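Predicted, not measured: the structure shown is a model, and the values here were computed from it. The basis for the numbers below is simple: all heavy atoms, side chains too, and nothing from hydrogens, waters or symmetry mates.
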Amino acid sequence: MAGTVPPKGLDPQGYLSREGSLGRVQSPFRPVVAAARDRLPDVFGTRLHSAYLYGSIPRGTARVGCSDLDLLLALREEPGDADRAAARALGEALDKDYAEIDGVGTLLYSRTRLLSELETHDLGWFVACLCTPLLGEDLAEYLPRYRPDSLLARETNGDLALLLPRWRERIAAADDTDEARRPLVRFMSRHLVRTGFTLVMPRWGGWTSDLTEMAEIFGAYYPTRAEQMKTAAVAGYEPTGDPVLLRSYVDDLGPWLAGEYARVHGIKAPRPD
C-alpha cells in the first residue's frame with residue numbers, strides 16, 4: 001500500500017540527507033548552543049574528540065520552554081563514570097542557566113564504537129544523518145551513505161522486544177503520580193512512534209523525524225493501529241501521566257509492534273551492553 005505522504009529526506013541520489021544544521025537553530029536557542037560549545041572543552045579537555053547536536057534544536061522545530069537540548073559526545077576513549085557525571089553536571093548547569101530549554105540529554109560514546117562495524121547502521125547512521133557537528137572533526141566523513149532500507153530498519157529499532165521488560169520495570173518502580181509518569185510517557189511514546197515509522201520506512205522510501213508525520217505514514221500501512229500511533233505521537237509532544245496509556249504500550253502496542261518488526265525486518269544484532 002502506498003503512503004499518503006510523499007517520501008522526503010533524501011538527496012538527489014536517493015541517500016538519506018543530514019537533517020539538521022547550525023543555520024537552522026532558532027534565535028532563542030543560539031545562546032545555549034553557544035554556551036554548550038564553549039563549556040564542553042573545559043569539561044572534557046583532550047578526551048573530547050567531537051560534539052554534536054541532535055533533535056528539534058538543530059532541525060529548527062524546537063519550542064521555547066518545552067524542548068530539551070540534545071547532545072552527543074564522541075570521546076577518544078570509552079566513557080567512564082566520571083565522564084557521565086561531568087555530562088550530567090554540565091547539563092544541569094545549562095538547564096539552570098537557560099530557561100529556553102527544558103532539560104539537557106547527553107549521549108556519550110567512544111569514537112571507536114561510533115565507527116565500529118557493529119554500529120555502522122545504528123549509531124554510525126545516527127551521527128551521519130541525525131546529528132549536527134558542533135565541535136571537532138565530523139565522524140560522518142568516515143561513514144557510508146545510507147538508504148532507507150530493511151538493514152537500517154533492523155539495526156536501528158529491531159530490539160524493541162528486549163526493551164519491553166525494562167519498560168515494565170520502570171513503570172512498576174515509578175511513583176504513583178502524574179509527575180513521575182510523565183517522562184516515561186514522553187520517552188516511550190516517542191520510541192514507539194519512531195519504531196512504527198522505521199517498520200514501514202523501507203516501503204515508504206524516505207525519512208522524517210516529525211512524530212506526527214511518522215504516525216501518519218505508519219497508519220497508511222497499518223490502519224488498524226493508526227489511532228494508537230497517532231495517540232502516541234500526541235503524547236510524545238504533550239505527555240500526560242496516564243497510567244492506562246503506559247500499560248497499553250507494554251501490554252498491547254509494544255508487543256504487537258515488536259513481533260511485527262521481527263517478522264518484517266528481523267532482530268537487531270546483539271550489542272555488548
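- A salt bridge is absent between Arg18 and Asp11; no separation between the charged side-chain nitrogens and carboxylate oxygens falls under 4.0 Å.
- Between Tyr249 and Ser189, the side chains place a donor N or O and an acceptor N or O closer than 3.5 Å (distance only, hydrogens not considered).
- Defined by atom type and a distance below 3.5 Å, a donor-acceptor pair is missing between the side-chain atoms of Tyr109 and Glu119.
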### Task
Go through the steps to decide whether Asp210 and Arg59 satisfy the test side chain to side chain contact (heavy atoms under 4.5 Å, CB included), and finish with yes or no.
CA-CA 10 Å; Asp210 183 274; Arg59 292 198 303 268; over 6 Å; no

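- Here Leu108 contributes atom CG and Glu78 contributes atom CD; the two are 10.5 Å apart, rounded to the nearest 0.5 Å.
- Ion pairing between Asp159 and Arg271 fails under the 4.0 Å rule for side-chain N and carboxylate O.
- Counting only N and O atoms by type, the side chains of Ser50 and Glu137 include no donor and acceptor under 3.5 Å apart.
- With rounding to the nearest 0.5 angstrom, the CG atom of Leu53 is 9.0 Å from the CG atom of Leu135.
- Using a distance-only test at 3.5 Å, with no hydrogens or angles considered, a donor-acceptor pair links the side chain of Thr120 to the main chain of Ser116.
- The 12-atom threshold is not exceeded at CD of Glu179, counting heavy atoms of other residues, nucleotides or ligands nearer than 6.0 Å.
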### Message
Would Asp178 and Thr240 count as a side chain to side chain contact (heavy atoms under 4.5 Å, CB included) here? Give the steps.
### Response
CA-CA 7 Å; Asp178 283 354; Thr240 67; over 6 Å; no

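- With respect to Glu260 and Arg225, no salt bridge is recorded, no charged nitrogen being found less than 4.0 Å from a carboxylate O.
- Within the 4.5 Å cutoff, side-chain heavy atoms of His265 are placed close to those of Pro202.
- By the 4.0 Å N-to-carboxylate-O rule, Glu238 lies close enough to Arg63 to be salt-bridged with it.
- Two rings, from Phe218 and Trp204, have their centers 6.0 Å or more apart.
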#### Entry: Trace of the side chain to side chain contact (heavy atoms under 4.5 Å, CB included) decision for Leu16 with Leu152
CA-CA 11 Å; Leu16 292 172; Leu152 185 62; 3.6 Å; yes

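- For Asp81, the CG atom is loosely surrounded, since the number of other residues' heavy atoms within 6.0 Å does not exceed 12.
- If you look at Trp256 and Tyr222, their ring centroids are closer than 6.0 Å.
- For the residue pair Ser209/Glu19, the side-chain donor-acceptor check at 3.5 Å is satisfied.
- When only modelled atom types and interatomic distance are considered, Thr198 and Tyr261 share a side-chain donor-acceptor pair under 3.5 Å.
- Checked for salt-bridge contact, Arg247 and Asp252 miss the test: no charged N lies under 4.0 Å from a carboxylate O.
- No option in Asp176, Asp242, Asp175 other than Asp176 meets the salt bridge (charged side-chain N to carboxylate O under 4.0 Å, His left out) test with Arg181.
- Between Ala35 and Tyr98, the shortest heavy-atom contact is CB-OH, 3.4 Å.
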